[in-house]
Amino acid sequence: MKSSRENEYEADAFSFQLGYGNELCMLLDTITEPHVKGLFASLASSHPAKDDRIARLQSLGATYRSSYGEN
């Protein structure tokens, strides 16, 4: 599953290069992740956590910041 997660990161980087980094961050931030239970379930997950994906996009230069708690 590690290669599947790496493919997700590569696809995210490609989206960023196309100019959609902030939009992808916004989309990822709206997704509700299922609660994974147990070590095996975590290892079998084919997608990286959305917070990790957003952090990686931000490290590439995305300027997205969540607005939790703001009115």
Side-chain angles (χ1 to χ4, degrees):
M1 294 301 166
K2 181 182 183 317
S3 64
S4 293
R5 288 189 294 272
E6 286 302 318
N7 289 341
E8 289 291 328
Y9 287 131
E10 287 181 33
D12 292 349
F14 183 68
S15 294
F16 175 80
Q17 291 169 354
L18 291 175
Y20 296 106
N22 289 331
E23 291 81 359
L24 180 55
C25 287
M26 277 192 283
L27 174 67
L28 289 169
D29 219 6
T30 64
I31 295 172
T32 303
E33 293 181 317
H35 294 287
V36 178
K37 294 184 180 183
L39 177 62
F40 183 74
S42 292
L43 292 174
S45 174
S46 63
H47 294 281
K50 70 177 187 175
D51 290 339
D52 293 341
R53 292 176 69 185
I54 291 171
R56 196 172 278 206
L57 284 162
Q58 289 170 330
S59 74
L60 292 173
T63 57
Y64 174 79
R65 300 288 182 261
S66 68
S67 58
Y68 294 118
E70 294 181 12
N71 294 324

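- In this structure the side chain of Tyr9 reaches within 4.5 angstrom of the side chain of Asp52, judged on heavy atoms.
- Residues Ser15 and Leu24 share a closest heavy-atom pair of CB-CD2, 4.0 Å.
- Side-chain contact check for Phe14 versus Leu18: some heavy-atom pair is nearer than 4.5 Å.
- Taking 4.5 Å as the limit, some side-chain heavy atom of Leu28 sits within range of a side-chain heavy atom of Leu57.
- Between the NZ atom of Lys50 and the CG atom of Leu27 there is a distance of 10.0 Å, given to the nearest 0.5 Å.
- The two residues Gly21 and Ala62 have their closest heavy-atom pair at C-CB, 4.2 Å.
- Cluster membership for Tyr20 and Leu60, using ILVMFWY side-chain heavy atoms within less than 4.5 angstrom, is not shared.
- Interatomic distance, Arg53 CZ to Asp29 CG, rounded to the nearest 0.5 Å: 12.0 Å.
- Contact detail for Tyr64 and Asn22: the closest heavy-atom pair is N-OD1, 2.9 Å.
- For the atom pair Arg56 CZ and Gln58 CD, the distance stands at 13.0 Å (nearest 0.5 Å).
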